[in-house]
Amino acid sequence: MKANLSLFLSLMLSLASTILGHSINREGYISIDCGIHPPNKTYMDVVTGINYSPDDAFITTGVNFKVAEEYGYTQNVNLPAVLAEVRAFPQGNRNCYSLKPSNAKDNLYLIRASFMYGNYDDGINDQPLPEFDLYLNVNFWSTVKFKDAAEQVNKEILTYAESETIYVCLVNKGKGTPFISGLELRPVNSSSYGTEFGKNVSLVLYRRWDIGSLKGTGRYHDDRFDRIWSPYSRTSWNSIVTSAYIDVFQTSYWPPDEVVKTAASPKSADDPLELLWTSQDPDVRFYAYLYFAEIEKLEKNESRKIKILWNGSPVSEYFFIPSNYSMTVSNSRAFTGKDHLISVQKASDSTLPPILNAIEIFTAQSLDEFSTAIEEIHAMESIKSTYKVERFWSGDPCSPRLYRWEGIGCSYNNSSEHITSLNLSSSGLQGPIALAFGNLSFLQSLDLSHNDLQHNVPEFLADLKHLKSLNLKGNDLTGFIPESLMKKLKDGSLTLRYVDDQNLCNPHSCQEKKKNNKLVQTVVVTSVMVLLVVLVIILIILRKRKRKRKRGANSGPGPLLPSGKRRFTYDEISSITNNFNKVIGKGGYGIVYLGFLEDGTKIAVKMIKDSSLGIPKGSSSSSSSRASREFQVEAELLLTVHHRNLASFIGYCDDDRTALIYEYMANGNLQNYLENTEDLSWGKRLHIAIDSAQGLEYLHRGCRPPIIHRDVKTANILLNDNLEAKIADFGISKVFPDDDLTHVETAVMGTPGYIDPEYYRTFMLNEKSDVYSFGIVLLELITGQRAIVKNEDGIKISVVHFVEPILKTGELEGIVDPLLRDDFSSDSAWKFVEVAMSCVRDRGYDRPTMNQIVSELQHCLAAELAREPHRSSCQESGGLGNEEVSKVY
Ligand SMILES: *[C@@H]1O[C@H](CO)[C@@H](O)[C@H](O)[C@H]1NC(C)=O
Ligand SMILES: *[C@@H]1O[C@H](CO)[C@@H](O)[C@H](O)[C@H]1NC(C)=O
Ligand SMILES: *[C@@H]1O[C@H](CO)[C@@H](O)[C@H](O)[C@H]1NC(C)=O
Ligand SMILES: *[C@@H]1O[C@H](CO)[C@@H](O)[C@H](O)[C@H]1NC(C)=O
Ligand SMILES: *[C@@H]1O[C@H](CO)[C@@H](O)[C@H](O)[C@H]1NC(C)=O
Ligand SMILES: *[C@@H]1O[C@H](CO)[C@@H](O)[C@H](O)[C@H]1NC(C)=O
Ligand SMILES: *[C@@H]1O[C@H](CO)[C@@H](O)[C@H](O)[C@H]1NC(C)=O
Ligand SMILES: *[C@@H]1O[C@H](CO)[C@@H](O)[C@H](O)[C@H]1NC(C)=O
Ligand SMILES: *[C@@H]1O[C@H](CO)[C@@H](O)[C@H](O)[C@H]1NC(C)=O
């Protein structure tokens, strides 16, 4: 019966508020019923007619609870709906709601948080009632504590939004789990409260009284700012009520009708009307807003003239209370001290006693903590969401200082906090290094170690001007360190930890740098680059070795390593090459000579020009021996990279002169072979293409980080006497920079005609740059042209631009090398052209991987073989069907 009645009442009220609700402008309200269940429930509060939402959209942390039954509706039918559930925060010392009213910045808002403990956490009710702090953005707002479990606590603050997001944070002080029942935000006309302080002060509500009211409900539909006015009267006062119209819109405070239509005056007409309070902290600054409106009908000979005093000093001059409209008076200088007495006194010539309709008392809180710079907040939010970082990161990253985000260090500069260090070590980050890190422009230290970060070390990290320490250890990053970062390593402004236990700027080398020995720096940088490649290779090899040993297979050196000798003296080199008497090639790094090992094996000896090693003439012997040592490490490691489509590196010389010794390839390089051979069939060309593709694929996929060749070209593809193709010079371009050392950082390496235009533009090097160059090789194979072709006008153009216009005609003729004399499957050739053209696409991203290319080329070969079903020579030449493509010793 009772339930039915209350249901009926609710319905009536709901109907009434719906009707009233329509006339009220509630634009911009945010009303959250924290902890509501189910979490997607929205409802209209029957008393206020305001729509409440669940809090999921505003916070991601916390746990929902219902208050204990004895505190809920069953015992208290008037319980405000928001208080029936709570959201509690057992984890994290600061949990924040993010409120995002539209166009928030610089606008004034009233924000109210409400709490009722209601014994929601039943199990631990022997504990004292919780006590915790509320923060608004980065500044302390209030402490929340309770007298008993049923106490309803409201905290209210008036504040200007400093940015588009307003954070309301609950801070755990170690005195029980913070929780919250409701959170409301109301836009307030900014020509009202606090205009005299500017925007750097917030007003925290102390008291708001509807004076003279005896039965006010406290909350009114016509209050645009949805304030809660507590009815307040005293026995020494008379209450006065009017039903006449009072204009509340003369000022921007807009008190609700009900509030201005009640007032009090002292019973004894000559007494002042007084309000008294005591402040525990004498430094607290109080501001009072007093509302006056004449509500009695005055006769001609009557007047009401008053003034306001605080602790005996005048706050205003004498003034007449206006009829028909309301006015608001406040103190421009703060009230401070322990005891406060506000007194409204009538003038001696006033015929009527003083009245007061309402009063609000606030304490002022300076916004003296600085927030984190807004672009850094955005960057951190982006990092947090990109990697779904599982930390209790909420609110402002740097402020308040005591409750900074875990893993963050900040320093203050120019009215903002700036993030100076970020430690995301072992945080499960996956994927590429996000662009957002580049927006933390004050970062000095970034620790991303032991995550699952992939892809390249991005170039933008070099733009972080203050970055001194970068730790990328224990990730899955691939590729090389961008040149711009290398430059910072080189000038000593950055230390980088990259590969496990490999501090790239070890204390020793850094000290030497301080001696300002430019040469040493250069060498160190070079060796750093080398070490990087080399170390990873070691790791792979060790791993593979282990595996091999388990299989118990073939762990000895290969047949091409007579007596295991790998390091030769200059004299030995001289005798091996018969005093350098037969030149078999010339490359960017030096001249290649024919030689013979003791067992008669033919070898190729590449004598490296001194300048390629970065040791100018007359340099100190210590720096040259360092370079030599690094070279030795590098060379020893290259000796261990083996694949049947990579030219075997047999040994080296590193005493007076530097030399690299390779297996001898009887048919020289592909460039010469194409130029000088008339009968290279389409099938053979396909085998060569597949072989070289497999060699590159191994560099890209078999090595971690991938070895990017950087100089793929027909001159670097060697052919043995079976016309098996092998890639030469891999890993070398990294070791030996160009002659001019100052170009190390920026010089685009490679050979004209083969250079990936994207790499040329961006200096960002990756596997797809090799793919581009390989596309040129494929075009040379099918057209028989060189990488750079002279067109009819005698102008040099890329073979790509030579093929493109012909391709548009839809004819193979003109593209395919005339030497092939139409002796090929056109299916195969078409497919081949397609593959080649896909390799030379503008964007690296759009190009296929070497893996895909190998498989496409095998289809080309299959199409060609289908044309000649009897043909089987491909098996002999070892082109296909051989799974064991990689051999590592
Ligand atoms: C709320 O969620 C429940 C279960 O998650 C679902 O059944 C219900 O339809 C949802 N209600 C609304 C209004 O989305
Ligand atoms: C607040 O701003 C006013 C001017 O708008 C300025 O005079 C005052 O010094 C500022 N106070 C603080 C604490 O920054
Ligand atoms: C704020 O109040 C003033 C008058 O007091 C009024 O002119 C102005 O339009 C109000 N602003 C808003 C946004 O309502
Ligand atoms: C004002 O005038 C009325 C008569 O119009 C009279 O009754 C009243 O006493 C006068 N009040 C004062 C304060 O003079
Ligand atoms: C107050 O309003 C009433 C009725 O609208 C009018 O008669 C009276 O003159 C007004 N008084 C003043 C002081 O404006
Ligand atoms: C702080 O700003 C000044 C310029 O206002 C700048 O010189 C200084 O480097 C900055 N400090 C930091 C730690 O970035
Ligand atoms: C301080 O910051 C403001 C805005 O954030 C900027 O306009 C100003 O140039 C900065 N000053 C210095 C010295 O960095
Ligand atoms: C980052 O945190 C890890 C453990 O949490 C610690 O070992 C490492 O030293 C920290 N890095 C820096 C740069 O402080
Ligand atoms: C980084 O800053 C730029 C320019 O301020 C901005 O356009 C970009 O959205 C920011 N990126 C992130 C991830 O915050």
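Keep in mind that this is a model prediction, so the values were computed, not measured.
- A salt bridge links Arg219 with Glu184: the closest approach of a Lys/Arg side-chain nitrogen to an acidic carboxylate oxygen falls below 4.0 angstrom.
- Nearest heavy-atom pair, Ser399 versus Phe370, reported as atom, atom and distance to 0.1 Å: OG-O, 2.5 Å.
- Between Arg26 and Asp226, none of the side-chain N atoms (NZ, or NE/NH1/NH2) sits under 4.0 Å from a carboxylate O, so this pair counts as no salt bridge.
- For Cys169, the disulfide (SG to SG under 2.5 Å) test picks out Cys96, with sequence neighbours left out.
- The side chain to side chain donor-acceptor pair (under 3.5 Å) search around Gln250 returns Asp247, not counting sequence neighbours.
- The environment of CD in Glu69 is sparse: at most 12 heavy-atom neighbours from other residues, nucleotides or ligands sit within 6.0 Å.
- Applying the disulfide (SG to SG under 2.5 Å) test to pairs two or more places apart or on separate chains, none has a residue in residues 308-338.
- Ionic pairing of Glu417 and Arg404 is present here: one or more N-O contacts between side-chain nitrogen and carboxylate oxygen are shorter than 4.0 angstrom.
- Contact check on Lys199 versus Glu162 returns no salt bridge, with no Lys/Arg side-chain nitrogen under 4.0 Å from an Asp/Glu carboxylate oxygen.
- Classification of Arg207 and Glu360 as a salt-bridged pair fails, no side-chain N sitting under 4.0 Å from a carboxylate O.
- In summary, of the residues considered (Phe179, Tyr403, Tyr117), a ring-ring contact (aromatic ring centres under 6.0 Å, His included) with Phe132 occurs for Phe179 alone.
- A salt bridge links Glu156 with Arg208: the closest approach of a Lys/Arg side-chain nitrogen to an acidic carboxylate oxygen falls below 4.0 angstrom.
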Handout entry: side-chain contact (heavy atoms from CB on, under 4.5 Å) evaluation trace for Val86 with Val67
Key = CA-CA 7 Å; Val86 304; Val67 298; 4.3 Å; yes

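- Contact check for Tyr97 versus Arg87: side-chain heavy atoms found under the 4.5 Å cut-off.
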